[in-house]
Every structure is written in C-alpha cells, then in structure tokens.
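Here is the structure we will look at.
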Protein chains: 4
Amino acid sequence: MPRVSEEHLERRRTQILDAARTCFVRKGFHETSMQDIFAESGMSAGAVYRYFKSKTEIIQALASDAIGGLAVYVADVLAEDPVPPLDDAVGRLTSRITSMTDGLGATMRLAPQAWALALYNEEFGDYVRERMTGFRELWVIYVERLRDAGMVPADTDCRAAGKALFGMLPGFVIQYLLVGDITPEEFRRGLRALASSTALAPDPA
Amino acid sequence: MPRVSEEHLERRRTQILDAARTCFVRKGFHETSMQDIFAESGMSAGAVYRYFKSKTEIIQALASDAIGGLAVYVADVLAEDPVPPLDDAVGRLTSRITSMTDGLGATMRLAPQAWALALYNEEFGDYVRERMTGFRELWVIYVERLRDAGMVPADTDCRAAGKALFGMLPGFVIQYLLVGDITPEEFRRGLRALASSTALAPDPA
Amino acid sequence: MPRVSEEHLERRRTQILDAARTCFVRKGFHETSMQDIFAESGMSAGAVYRYFKSKTEIIQALASDAIGGLAVYVADVLAEDPVPPLDDAVGRLTSRITSMTDGLGATMRLAPQAWALALYNEEFGDYVRERMTGFRELWVIYVERLRDAGMVPADTDCRAAGKALFGMLPGFVIQYLLVGDITPEEFRRGLRALASSTALAPDPA
Amino acid sequence: MPRVSEEHLERRRTQILDAARTCFVRKGFHETSMQDIFAESGMSAGAVYRYFKSKTEIIQALASDAIGGLAVYVADVLAEDPVPPLDDAVGRLTSRITSMTDGLGATMRLAPQAWALALYNEEFGDYVRERMTGFRELWVIYVERLRDAGMVPADTDCRAAGKALFGMLPGFVIQYLLVGDITPEEFRRGLRALASSTALAPDPA
DNA sequence: TATGAATGAGGTTTCATTCAT
DNA sequence: CATGAATGAAACCTCATTCAT
C-alpha cells in the first residue's frame, strides 16, 4: 500500500522536525538522543529513519529552515523602498530574532550550536558558509542602496560596511540568549549612538 | 615521584590543557574523547584525572584561560589614555582575535562551542554569563570616557552603546572563523562607514 | 524483530536472569562484570539494557524471584492443617533451602550477598526489609496456631518465638554454604534437642 | 632511621584498621576505595601498603579481629561454671552482638559482607570456615556440659544441638542489622518459648 | 621509612543505526 | 510503510597498586 500522499509525507517530516527542535532547544544537539526524538515525536525509529537518514540530516534540515525563515524576512526588510534607515533595519531584524527565540519553535536558540557544528562538520560548514554569505550579501546591497540614496558617503566601502552590519546580529543573539539583558530597542539606541559618534581616528588615507 | 614541586604540577596542568585545546580545536568538544586527550598529552587516564576531575572541568579551565587572556587585553586597550577612537579600539581587538585564532593555541576557535555549551550547562552558563557581563562592562566604561571626552553626544546611552560595540565582536569572530573572508582592517573600515552614516531614522524623542 | 510476543519478552528476561544468576553464583555480584553477563546470556549489551536498566536492577529481580520462591513454600508449609510440629516445619524448610542451593539456579547461594547489599543500598535494603518482615510474620502466625492448638504454653510470646524460629534459617544457610557440614536432618535433631531441654533460667517473672 | 619500635608499628596498623573499619561500615567493602582509607587514616598510599599488602589483607585482618573478639567472649560465657542455662547464654551473646554492632567500631556490621566474601574468595573462605568451625565447637562442648549436668536428655545429639544453637546467632545478627526490630531480651524470650514447646513430631526412632 | 603521582585495564552504560518481521 | 528489538563500539571515569624520589 504505497502511494502515500505528498501531503502525508510532508506532515510526517514536519512532525519529526518539530519534535527534534523541541528536544534540541531543551537539551542541545549532543545531549539529545535519537530515542528522545522518537519519544517526542511519537514515531518509531524506523519511521524517523525513513524520512531522515541520520541525526545530522535532521539538524541540517532544521538549520536550513531557520536560516531560510530569517533570510526571507531580512530580504524583505532590506529591500524596502525607500531604503530604511540603519537603526530601523537593525531594530526590526533584532525584533524578529527575539520572536524566533521566544516563539514556539525557539529556533534561534539553535544558532550557537549550529555555528559550532559548522566548524567541525565539513558538509554542514559548507552549507552554513554558503547561506551566511548569501545572507550577508543582502546587507552589502542594502548599504549600496544607502550610498546611492546619499545616506552614506559616496566613497563608502559598501562590502566592509555590510560585513560590519551583518556582524552585529550574532552579537545581539548571544547577548540575548546567554545574558538576556538586552532588547531590540536598546540595541537600536546603541547603534544610533555609534552612528552619531565622531570618535574616529583621522582618515588613514 | 611524590613531593613534587609546585612548578611540576603547573607544568602537568598546562600539558593537559595544551593537549586538550589542540584536540578541541581539531575536532570539537564532543567529538574529542578523553582517550584523544590522553594520547595527545602523552599522559595516562589516571594522571589526567588527577588534575581535572571531569572533561567539563577541562573545558571550563580552557574557557577561563581564553576569556581571561582576551579580557586583559581588552581592559588594556580600552583604558588607554587618551581614550582611543572607536575604530582603533575595535580594530586592535579584532586583530587580537585573529591572532588568538591562528596562533598556536587557536583558542578562539573554541568560542562558538563555548557559547553553545553555556546554553545547556547551567554551571558553565553561569560562569560565561558572569565573565561576559564583566567583559562588556569595560565597553560601557569606554563609551562613558568617549562621552566625557566629547567624542559622542553628551546624552548618549552609554550602556546601550557599549552593548552594541561589544556585540560586534561575536560577529567578527563568526565571519572570521566560518567564512574567513574578513580582516580586522576591513571590519574597521566598515565600522568607520557606519559611524559616518547619516542613515538614521528621525530622532524618536 | 519488532512487534514481538509477550512470551518472547518474558523469555528474554529469563534468559538474562538465568545468565546473571549463573555468573553471580560463580563469582559474586561485584566480581561479575556486565560483560560476563552479556557473554553468558549470549546477548548484546544493548539487548540486556533494554530489559534491565542497571546491574542493580538485575540483582533485585533475582533477589525478588528467590525470596518469592521461598516465601510461597514457607507459606504453604506453615499454613498446613493440622499445624505441623516445629521440627517438621523447620526440617522441611531447610530441605527446601538445600535444594535451592544445589539445584540448577543455586539461588540460595546469593543470600549472603543480598544481605550484604541490603546494608549499603538503601532502595534494596528497603525491599529486603519489607520482604523479610512479611516472611517472618508467617512464622509468628504459625506460632500462634501452635499456641491455639495447645502445643506451646498459652502465655507464649508468639512474636518473640516467631523471630527466634525465623532466625534459625540464616544460621542454617550459612553453615550449609560456608562450612557444608550440616544437613536438614541434623539441624532438625538439634532443634528437637533444644525443645526437649530443661536448661532454662528460672522464670524471671 | 630504621629500627622503628614495635609499638610504633602496632600503632600504625591499628590506625589503618580503624580507618578501614570506619569506611567499610559506612560504605561496604566494595564501595570503599583504598583512597577512602588513605584519607580516613591520614596516611599515604605507600604507608598503608607497607603494613598491608592488599585491600583483601585489610579486610581479613579486620574479620580476624572481629571473630577473635567475639570468640573470646563466647568461650568465656560458655565455659562458666556452673554451666549457664541456654537462654542466659544466648541472651548474653546476643547482647554482646548488639554492642559490637552499635559500639564505636561497629564491627559486627561487617559480618554479612564477610560471609559473602568468604563464598567467593577461597583463601578468605578457608579462614572463615576454620574459625567458624572452631567457634561452633564451643557450642558443642557447651551442650555436652548441659548433658553431663542432666539439663538435656542423656541421649542428646550434642553436635546437632550445638549447630542449631550456633545457628541462631546469624539470624539474630541479620534481624538486628537489617530490620532492627529485635532485642536480645525478646530473642531470649523466643528461645524460652521454643524450649518449652511440646510441638515435636513423634520420635522417629 | 614515607610520599603521592602515575599507571592503564577494566568498570558500567549509552547511542546512532539497522533490518527481520 | 511501520515497527522496535537488537547491535556493539565507544564513551567517561575509577581503582588497586607501584616505585622514583
């Protein structure tokens, strides 16, 4: 009795990923055993292994969904017309991050583990690298739009600025997850302060 | 060989930590077995366990050393008189980070794993939280000095700005470790661009 | 082979317990390693741990079976109608003990280890205490029946007598196991001699 | 620096045995590590091993002391002139047992472990067997004295009776240690009840 | 004589994965 | 398609004992 509906397959996959996410958020990748996932999902070992051929594959699928979920949002925000100001863009994205941390899936809690895994699992590292690069490119393009709109100097190194902006997000994630004493609003204020600063070394050029 | 000198004990400890660091950098915390550490250190199981009573304790010692090493440097830079400009400060710290990544110990490669571990190991989490908070406080004080020196507006939210500045470092670490296409110099240029930007939303006040 | 019959599961359990009993009788609880049990049972580590979640649980199951096996027999003998004479009751129970010592399982050889374990393992101690108390109660009831039948004085402290009678069994077990120079028949003769004695101190009352 | 006084040696031995006894009473033979004994005695590994060449030897020395301590007392009581009545003899010995259980050394708490060990350690088994036999012989002689004094029938099987009497002690020990709801006085009453019983099968002869 | 650092085999238990049913 | 019993390598850690100092 093969011929199972596409929809059924997708439901099963989701069921597994939801269970795995719950477990991973609760205990971490390594402390979560496949048995935990079987129990949480209410599925048998064999069933789970029909949909994912290894634990790593489950982790990758989850990471992929998470990155995807954020990427779509980032793309939307950064592509808005007219180009949104720096502090608005960052503020909205960090808000999104908090909701991805506290919401049901709590997906964002997996981020540090995914970074760590990417360092030691080549295949996963390639994947994360690729997505991260693409993701960051959105910021570069955003800065180019700022430049074109005259909101940053015409000779701005847009790539460098994109990297710096993108680089603020992991720092927010870590402070939010580990210390927990930061809000999107405060982070936004901090960014405004930096952008208002004149505390730069004399132009080296 | 009983009645051993204090120095001997310290050398043993270092020998273990060096071996462990090498293993952890190579394979990650979880993929490194205690056997790996015994082999790398050339010591027996019993000997290693005389100095550290668990694998976690080794990880903590390593993290502690690493955080300490960076903290001292950060403290030095941020406390300089006269207060160094933003881009200089960040530039020098990211340089330090690259040397802690590529140097012998390559300690910084452990950072993402430590963040991940801190999320799921309460004791370690407490420790990291505490150190991270103290570390970040240095940035807050630094911004206050900038303010006192008139290099940022007098009404700057120094705490928020400190958090934002501190928050740039994890982003640099991740890009440097995972993607590898960033340099302290480029990051510094990016920061200069942000600080020169006028792309802020109208003051909400 | 999933979806396995109840009977199959029971067979596995028995297979493990039989192997464990053999090992324990041969080498004792502590000298028997789990590897020994895997080898003796012909099962893998994982399989054994599916049925018992620790070595202690195996020991407890074995003790439980043994105590149960003896208790049923004791209950039968002591409840017989008409109430059996002292020497018959003790004689038959010690016979039972010898067959539980020499028979296939040789379960009774585990008794001293179980007593020792009960002293240092709280949970196991509670269990043994409870069973031993229930077991001993059968003797108390038996003496009450002797009293009601006029075979011991009407003012007999039946509880004390029950404890004394029950207390003869460990002494038989130890002499049988450790020295080996005693038989149920001889023990019975000894008991008859005590019961025929007039060597008591003057009634303290 | 050789030529250490005999007294010094003896003091060291005692120091070790006291520490070991404390540990064994607290945690049992197997759960007590040599490290525990080093710590409890305040001596170094090397020092302890100078006096006892193995853990087993310490256990044996302790068992030897304990058996000896009880044996001397038993010999005294059973050899009294005139020959003491049954219930007095047993009552006084069980009292002694309680004081050896609750006293400082709590030596008697080691008995079940010693019995268990004797079953699986041939050398120790031989030793215990020998001592137990000698010990029991005191009871046989005691019954012979009862017979000679006309306090038991002239045709009494004194050996059998001695074994039965001796056999009551382990049962007292176990009830006292494991259940804890028995006193020498109650045990004595129970014995009196048995000796007053007429509940014997018709003489098989 | 005394020290205590060192040994390293061996302890129990877990886990991702497979495959007969 | 689904089940879940079974595998067995490998994980972390302890321990009785030794011997250079």
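All of these numbers come straight from a predicted model, not from anything done at the bench. Proteins get letters first, then strands, A, B, ... in listed order; numbering begins at 1 in each. Values reported hereafter were calculated over all heavy atoms of this structure, with side chains retained and with hydrogens, waters and symmetry mates removed.
- Residue C:I16 contributes atom CD1, which lies 12 Å from atom P of F:dA5 at whole-angstrom precision.
- Ring geometry for C:H30 versus D:H30: interplanar angle under 30°, hence parallel rather than tilted (30 to 60°).
- Atom CD of D:Q15 is separated from atom C1' of E:dA2 by 13 Å (rounded to the nearest Å).
- Looking at heavy atoms from C-beta onward, A:D126 lies out of side-chain contact with A:E123 at the 4.5 angstrom threshold.
- In DNA chain F, the stems built from three or more successive Watson-Crick or G-U pairs (distances below 3.5 Å) are E:2-21 with F:2-21.
- The phosphate of F:dT7 (OP1 or OP2) has no side-chain N or O of C:R50 nearer than 4.0 angstrom.
- Listed pair B:H8 / E:dA6 meets the phosphate criterion, a side-chain N or O lying under 4.0 Å from OP1 or OP2.
- Heavy atoms of C:F52 sit nowhere under 4.0 angstrom from any nucleic acid atom.
- With E:dA5, F:dG8, E:dG4 as the candidates, the nucleotide lying closest to the side chain of C:S44 is F:dG8.
- One atom, CD1 of D:I37, and another, C1' of F:dC15, lie 12 Å apart when rounded to the nearest Å.
- Distance B:L9 CG to E:dG4 P: 11 Å, rounded to the nearest Å.
- Between C:R12 and C:R50, every side-chain heavy-atom pair lies at or beyond the 4.5 Å cut-off.
- A:M34 places none of its side-chain heavy atoms less than 4.5 Å from the side chain of A:F52.
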- Message: Does the protein touch nucleotides 9-15 of chain E at the base, only the backbone, or not at all? Give it as B, S and - per nucleotide, heavy atoms under 4.0 Å.
- Response: B-SBBBB
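- When only modelled atom types and interatomic distance are considered, B:Y120 and A:Q113 share a side-chain donor-acceptor pair under 3.5 Å.
- Contact annotation: B:R12 side-chain N/O to E:dA6 OP1/OP2 distance is under 4.0 Å.
- When side chains are defined from C-beta on, B:R21 counts as touching B:D18, because their heavy atoms get closer than 4.5 Å.
- Contact annotation: the side chain of A:I58 approaches that of A:V48 to within less than 4.5 Å [non-hydrogen atoms, C-beta and beyond].
- Side chains of B:I37 and B:T32 form a contact here, defined as non-hydrogen atoms less than 4.5 Å apart.
- Proximity of A:R11 to A:H8: side-chain heavy atoms (C-beta onward) are separated by under 4.5 Å at one or more points.
- Between the P atom of F:dC12 and the CD atom of B:E57 lies a distance of 15 Å, rounded to the nearest Å.
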